[in-house]
Amino acid sequence: MAGIISGRVQSLAESASLKMSQICAQLRAEGHDVISLTLGEPDAAPPKEIIPAIERALTEYTYSHYGPVAGMLSLRKEICKKLKSENGLDYTPDQIMVTVGAKPAITDVILSLIDPDDEVVIPTPCWVSYGEMVKLAEGKNVFVRTTAETNYKMTAEQLRGALTERTKLLMLCSPNNPTGSIYSREELAQIAAVLADYPNVFVISDEIYEHINYTGMPCSLAAFPEVTDRVVIINGVSKAYAMTGYRIGWLASHCTELVKACVKLQGQSVTHATMIAQLAAETAYKESSAYVEELREGFAERKKVVMELLGEIPNIKVVEPAGAFYAFPDVSAYYGKSYEGRTVNNSAEMTDYLLEVGHVACVAGSAFGEDKCIRLSFATDIPSIKEALKRIKEALEKLQ
Ligand code: PLP
């Protein structure tokens with residue numbers, strides 16, 4: 001008898017970061033003193049401005065019933081305002097679709113664009129889910145490896161080398177998870193110039209970490225006229241407003257045919273994002289810009305501490321993150337070394353070792369396509385960061 005579970009779902013990898021957070025939670029529940037540097041979300045409470053809006057939504061008929069599949073018009077208008085005022089980009093509400101977090105926005109675009117064997121170019125290191133989503137659509141992942149030499153950014157030449165007549169989509173994530181790199185305006189201009197020669201290639205520009213930046217507001221690839229109609233911006237309130245649990249993300253695209261396809265897909269799968277959460281997101285966009293700035297400043301301070309302490313650990317190399325809340329140090333100088341008969345040969349063995357010997361949880365770089373590195377989230381308080389890095393240093397020093 002054939003297996004119960006479809007080949008499609010069997011072939012998907014589990015999310016490595018979620019798995020590590022779960023192991024960590026379990027160890028803590030068993031009474032172990034484990035510090036988690038696995039978190040993919042701000043540790044802050046969401047902005048207080050959203051609370052009265054949620055209270056109001058609880059008593060108003062509109063928010064307990066079905067709404068538009070594409071999302072509430074008032075929220076989509078607010079997103080258009082945000083795109084204009086923060087990014088200088090013009091969109092209309094029919095070019096926006098609100099989704100249940102940014103993740104399904106990406107999945108919907110991939111499922112709407114990709115036919116079997118269509119190629120999707122993904123620079124690595126990259127977020128764990130991109131390649132799996134492409135697999136779900138039976139597309140072909142074309143990974144382009146970037147290194148510390150280019151601050152983990154794909155060059156225009158690398159992009160040109162990866163594009164073929166079968167390429168349908170490019171996935172760009174800036175600020176990047178896991179490396180924290182941000183493409184500059186000049187680098188994006190070069191990428192746009194290459195894409196001008198490939199008019200059938202769409203781009204997902206994942207800007208979910210846009211507001212967590214340390215070098216100024218990042219530029220969007222959508223700002224370049226040669227590609228603006230083919231760029232789908234992905235964003236949401238998860239990271240900037242610490243509203244991960246509200247599950248509100250969105251996509252913006254000038255290609256209304258694509259937006260309509262995504263709306264059709266959402267209409268046949270999830271219907272729409274929760275109305276109360278949509279009102280909360282709308283309120284956050286309207287009223288909580290000071291909150292975002294405070295959150296950003298807090299992360300900037302933590303990043304400074306992480307960089308200082310990583311600098312004190314011998315034989316590791318790290319590119320300073322320009323955005324997001326992750327450091328992605330290269331720990332490969334410790335591969336092949338042992339402690340008490342146990343040898344560490346790769347990033348998964350390194351994260352297991354750091355968990356068992358150092359009682360610090362982090363995520364193996366292999367999950368993001370770079371086995372030399374491990375990902376450390378600094379979305380946690382400074383005393384925990386200091387203690388975790390002390391433990392990592394001591395555990396690494398034991399490896400001989
Ligand atoms: N894109 C990237 C690069 C992410 O790191 C994440 C979450 O970790 C997402 C998208 C998904 O965000 P959301 O929680 O809004 O679905």
Side-chain angles (χ1 to χ4, degrees), residues 14-22 36-44 46 71 75 79 96-110 120 122-134 136 146 152-154 169-183 203-213 218 220-221 232-252 262 266 269-270 273-274 277-278 280-281 284-285 292 299 321-328 362-363 365 367-370 375-379:
E14 249 184 278
S15 162
S17 41
L18 287 182
K19 196 171 150 193
M20 205 57 177
S21 317
Q22 280 159 10
S36 175
L37 300 185
T38 63
L39 232 57
E41 61 181 344
D43 51 329
L75 172 55
I79 292 166
I96 310 290
M97 180 172 94
V98 176
T99 50
V100 184
K103 192 182 257 181
I106 302 170
T107 319
D108 288 349
V109 175
I110 291 174
V120 181
I122 308 180
T124 64
C126 67
W127 185 42
V128 291
S129 297
Y130 294 153
E132 301 306 311
M133 291 170 173
V134 172
L136 202 57
T146 71
Y152 295 112
K153 287 183 270 190
M154 179 183 63
L169 182 64
L170 162 67
M171 311 277 298
L172 216 58
C173 180
S174 175
N176 182 273
N177 173 7
T179 64
S181 60
I182 294 182
Y183 286 83
V203 184
I204 285 183
S205 177
D206 185 346
E207 302 174 12
I208 192 75
Y209 292 97
E210 175 188 43
H211 290 100
I212 320 282
N213 61 66
S220 171
L221 188 66
V232 186
I233 297 177
I234 304 289
N235 210 328
V237 294
S238 292
K239 314 290 174 174
Y241 299 88
M243 288 169 67
T244 42
Y246 285 73
R247 310 305 304 131
I248 297 293
W250 47 267
L251 60 89
C262 292
Q266 176 152 277
S269 48
V270 279
T274 305
Q278 290 192 59
Y285 278 129
V292 176
F299 280 125
F325 38 70
Y326 310 106
F328 198 56
C362 29
V363 185
F368 309 95
E370 181 48 81
R375 190 190 76 172
L376 314 178
S377 158
F378 46 88

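Each ligand, and each atom within it, is numbered from 1 in the order the structure gives. The structure displayed is predicted, hence computed values, not measured ones.
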What part of Cys173, side chain from CB on, backbone N/CA/C/O, both or neither, has a heavy atom under 4.0 Å from ligand 1? side chain
Nearest 0.5 Å, please: how far is CD1 in Ile208 from CG in Asp206? 6.5 Å
If you measure from OH on Tyr285 to OH on Tyr241, what distance do you get to the nearest 0.5 Å? 6.0 Å
Which atoms of ligand 1 are found less than 4.0 Å from any heavy atom of [X]?
{"X": "Ser238", "answer": "13 (P), 14 (O), 15 (O)"}
{"X": "Arg247", "answer": "13 (P), 14 (O), 15 (O), 16 (O)"}
{"X": "Gly101", "answer": "15 (O), 16 (O)"}

Tyr326/Phe368 aromatic ring centres below 6.0 Å: no
In the protein, which heavy atom is nearest to [atom], and how far is it?
{"atom": "atom 7 (C) of ligand 1", "result": "Lys239 NZ, 2.9 Å"}
{"atom": "atom 12 (O) of ligand 1", "result": "Ala102 CB, 3.6 Å"}
{"atom": "atom 4 (C) of ligand 1", "result": "Trp127 CE2, 3.5 Å"}

Do [X] and [Y] make a side-chain contact, defined as non-hydrogen atoms from C-beta onward lying under 4.5 Å apart?
{"X": "His211", "Y": "Phe299", "result": "no"}
{"X": "Leu172", "Y": "Tyr183", "result": "yes"}
{"X": "Ile182", "Y": "Pro175", "result": "yes"}

Determine, using heavy atoms of Glu41 and all atoms of ligand 1, whether some pair is separated by less than 4.0 Å. no
Please confirm whether Ile208 approaches ligand 1 to less than 4.0 Å, judged on its heavy atoms. yes
Hey, does Asp206 come in under 3.5 Å of ligand 1, counting only N/O atoms on both sides? yes
Please check: side-chain N/O of Gln278 versus main-chain N/O of Ala273, any donor-acceptor pairing under 3.5 Å? yes
